[in-house]
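A quick write-up on the structure given underneath.
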Protein chains: 2
Amino acid sequence: MSSGRGSERVLILLEWLAGQTRAVTLAEASAALEAPKSSVLNLLRMLVDMGYAEREGDTAYRLVRLPGEVAAGHVLQGTLLRRCEPAVRAAVAASKETGFIAVVDGAYVRYLCKILPDREIRYDRNIEIPRRTVQVSSGVAILTGLSDAALADEAARAEAEGLGAAQALVERVQEARAAGYAVTRRGVVEGAAGVAAPILDAKGKVVGALNIAGPAARLAENLDQIIDIVRSGAAEASAALGWRGAPLGA
Amino acid sequence: MSSGRGSERVLILLEWLAGQTRAVTLAEASAALEAPKSSVLNLLRMLVDMGYAEREGDTAYRLVRLPGEVAAGHVLQGTLLRRCEPAVRAAVAASKETGFIAVVDGAYVRYLCKILPDREIRYDRNIEIPRRTVQVSSGVAILTGLSDAALADEAARAEAEGLGAAQALVERVQEARAAGYAVTRRGVVEGAAGVAAPILDAKGKVVGALNIAGPAARLAENLDQIIDIVRSGAAEASAALGWRGAPLGA
DNA sequence: TGAACGCGTTCAGTATACTGAACGTACCAT
DNA sequence: ATGGTACGTTCAGTATACTGAACGCGTTCA
């Protein structure tokens with residue numbers, strides 16, 4: 001079995017660079033990796049070419065980004081899922097209802113995960129079916145990140161498709177913006193209801209939503225508590241992605 | 001100039017894996033990278049061997065960690081610096097005093113960076129000189145992370161070295177724990193003073209301190225404001241490292 | 001039931017990466 | 001001013017990685 005000496009070395013080099021606090025020289029890196037200077041030089045040059053490092057003057061290299069790292073304003077969905085899943089698990093444990101992470105995909109909401117509560121009567125649906133954003137609380141929560149113009153466009157499109165009055169949708173999103181969460185008291189699925197709050201990335205851009213859903217009657221009984229749990233969970237998920245400001249609607 | 005086809009590919013593979021939300025097959029990865037199956041198989045096997053991915057059943061691979069990624073309870077200092085520097089910059093801008101990030105190194109505090117305020121009379125010192133933890137506010141802030149037993153040991157050691165009464169040091173650290181920050185009204189450097197608060201990692205372990213320092217008289221004039229800025233900054237830095245709870249002393 | 005298909009895996013042949021030695025340059029010590 | 005040292009860089013020769021074709025297996029479809 002073989003993969004390259006270079007492949008392994010570049011990962012070791014990245015780990016070592018991540019541990020350095022200042023720019024490093026070729027000689028330092030070569031010594032640290034116990035590899036020939038010419039080999040390490042090629043690796044460093046490749047890292048510069050690929051945007052992971054930059055040259056500092058004539059003699060030093062500085063790491064600027066790691067592979068897969070959450071860059072400002074750009075979250076990879078796998079990373080989003082890995083970083084945010086603990087917050088969803090915590091919200092499911094606290095609320096004892098089903099939790100989801102949703103992202104937007106065109107005019108649809110797609111679900112990255114579903115976490116079921118440990119109880120017998122629970123809301124369980126197939127998350128491979130995307131939903132129209134305007135029809136679910138996750139979608140409404142995500143729409144809070146749109147500009148007013150983009151929101152008006154989206155609402156007009158939904159109205160043209162017979163999915164409800166544009167004005168009503170705009171109002172609903174504006175309410176969600178002010179409150180920091182969206183509620184669907186009657187979901188697409190008969191008898192289900194849900195609460196969702198937006199997840200922000202490091203720059204405060206809405207990249208997804210955390211959603212807790214369950215039987216409508218049960219959610220109605222505990223709505224205030226569910227709302228708190230969802231908002232806390234979304235704040236935790238946002239923090240995990242690097243957002244450091246207040247949650248929406250705070 | 002050449003570094004391996006494998007070296008470049010493994011980074012592309014990691015970026016792609018970071019964007020996937022579920023475990024992937026060899027065939028999917030091969031298609032995504034537009035590379036031969038046998039080549040990609042070797043790369044995936046190497047990632048499993050190195051602990052970045054794990055095999056899921058017979059046919060799928062899942063990313064579990066990225067190179068240089070902050071793992072729970074273990075922050076690489078370069079990553080700590082890259083993640084926390086923006087918080088220090090913000091604190092320097094707000095306070096108009098000099099900011100530092102400090103980490104512990106044995107019985108010494110070492111400084112990872114110094115950020116100077118944009119003003120003419122400012123506190124500027126050589127950060128290559130480490131300081132004894134017990135003698136600076138950064139050190140005291142970091143000592144708040146010790147257990148009572150470890151703190152007692154450290155205090156006894158400092159007393160034996162003629163650096164002050166053990167009891168006084170223990171009390172000082174306990175005050176800092178309760179308050180969430182430490183103040184040095186008279187620093188090692190004549191006429192300087194400083195405020196520091198601990199920086200926590202994702203598991204709540206103290207890994208460093210954020211410190212604002214300046215001329216003693218000027219800090220005395222604005223102490224309450226500086227304290228708020230330092231605590232906010234340390235909370236922001238901690239959040240950047242994945243800590244999601246309340247700051248110390250909240 | 002049998003053929004076709006797709007996937008994971010192997011390995012001999014092909015292709016290319018890796019590196020040791022040497023060079024040019026800058027810096028330091030005498 | 002000169003010699004020594006260390007670093008970044010180059011490149012011809014050396015070493016090893018990469019991969020196309022084939023295989024075994026499981027699944028699907030007619």
Side-chain angles (χ1 to χ4, degrees), chain A residues 1-67 78 126 128, chain B residues 1-67 78 126 128:
Chain A
M1 174 180 76
S2 158
S3 194
R5 188 180 297 176
S7 311
E8 193 165 308
R9 266 195 190 135
V10 74
L11 299 177
I12 297 171
L13 176 57
L14 282 166
E15 297 280 11
W16 179 74
L17 284 169
Q20 303 309 300
T21 58
R22 58 172 70 85
V24 303
T25 65
L26 166 66
E28 289 167 341
S30 170
L33 269 66
E34 297 183 332
K37 292 186 295 175
S38 42
S39 309
V40 179
L41 178 61
N42 278 339
L43 292 177
L44 287 168
R45 282 176 169 168
M46 186 193 70
L47 291 180
V48 171
D49 286 347
M50 293 182 80
Y52 297 107
E54 58 189 21
R55 193 72 186 269
E56 188 167 281
D58 282 341
T59 61
Y61 295 83
R62 173 189 302 280
L63 184 72
V64 294
R65 180 175 170 267
L66 288 159
N126 180 3
E128 293 191 9
Chain B
M1 172 178 79
S2 154
S3 195
R5 189 180 296 177
S7 312
E8 194 166 306
R9 265 196 192 134
V10 75
L11 299 177
I12 297 171
L13 176 56
L14 283 166
E15 297 280 11
W16 179 74
L17 283 169
Q20 304 309 300
T21 57
R22 58 171 69 85
V24 302
T25 65
L26 165 66
E28 289 168 342
S30 170
L33 270 66
E34 298 183 331
K37 292 187 292 175
S38 43
S39 309
V40 180
L41 178 60
N42 278 338
L43 292 177
L44 288 168
R45 283 175 169 168
M46 187 193 69
L47 291 180
V48 171
D49 286 346
M50 293 181 80
Y52 298 107
E54 57 190 22
R55 193 72 187 268
E56 189 167 282
D58 282 341
T59 61
Y61 294 83
R62 174 189 301 282
L63 184 72
V64 292
R65 180 175 170 268
L66 287 159
N126 181 1
E128 293 191 12

- Query: Taking CG from B:L41 and C1' from D:dC23, how many angstroms apart are they, rounded to a whole number?
  - Reply: 15 Å

- Message: Nearest whole Å is fine: how far is C:dC18 C1' from A:L44 CG?
- Response: 15 Å

- Query: With no hydrogens and no angle check, is any side-chain donor or acceptor of B:R45 less than 3.5 Å from a backbone partner on B:V48?
  - Reply: no

- The nucleotide from D:dG8, C:dG20, C:dC11 with an atom nearest the side chain of B:S38 is C:dC11

- When you measure from the side chain of A:R9, which nucleotide among D:dT9, C:dC7, C:dC18 comes out closest? C:dC18

- Message: Please check: side-chain N/O of A:T25 versus main-chain N/O of A:A60, any donor-acceptor pairing under 3.5 Å?
- Response: no

- Message: Quick check: do A:E54 and A:Y61 have side-chain heavy atoms less than 4.5 Å from each other?
- Response: no

- Query: Is a salt bridge present between B:R9 and B:E34, judged by a nitrogen-to-oxygen distance below 4.0 Å?
  - Reply: no

- Looking at B:R45, does any N or O in its side chain come under 4.0 Å of the phosphate oxygens OP1/OP2 on C:dT10? yes

- Check DNA chain D against residues 51-59 of chain A and give the residues with a non-hydrogen atom under 4.0 Å, in numerical order. A:R55, A:T59

Got a list of protein N/O to nucleotides 26-28 of chain D N/O distances below 3.5 Å?
none

- Message: Nearest whole Å is fine: how far is D:dG8 P from A:L26 CG?
- Response: 5 Å

- Item | side-chain hydrogen bond (donor to acceptor under 3.5 Å, both in side chains) partners for A:Q20, two or more places apart | none

- Heavy atoms, side chains only, cut-off 4.5 Å: are B:E8 and A:V10 in contact? no

- Query: Taking NZ from B:K37 and C1' from D:dG24, how many angstroms apart are they, rounded to a whole number?
  - Reply: 12 Å

- Note on the structure: B:E34 CD to D:dG20 P, in whole Å, measures 13 Å

- Task: Take atom CD of B:E8 and atom C1' of C:dT16, then tell me their distance rounded to the nearest Å.
- Result: 14 Å

- Query: Do A:M46 and B:L11 pass the side-chain contact (heavy atoms from CB on, under 4.5 Å) test, and can you show the C-alpha distance, the side-chain angles, and the key distance before you say yes or no?
  - Reply: CA-CA 11 Å; A:M46 186 193 70; B:L11 299 177; 3.8 Å; yes

- Please give, in whole Å, the distance from D:dG8 C1' to A:L43 CG? 15 Å

- Query: Hey, are the side chains of A:L41 and A:K37 touching, using non-hydrogen atoms and a 4.5 Å cut-off?
  - Reply: no

- Item | Atom pair CG (A:L66) and CG (B:L66), whose distance is rounded to the nearest 0.5 Å | 8.5 Å

- Starting at CD of B:E28 and ending at C1' of C:dG6, how long is that distance when rounded to a whole Å? 13 Å

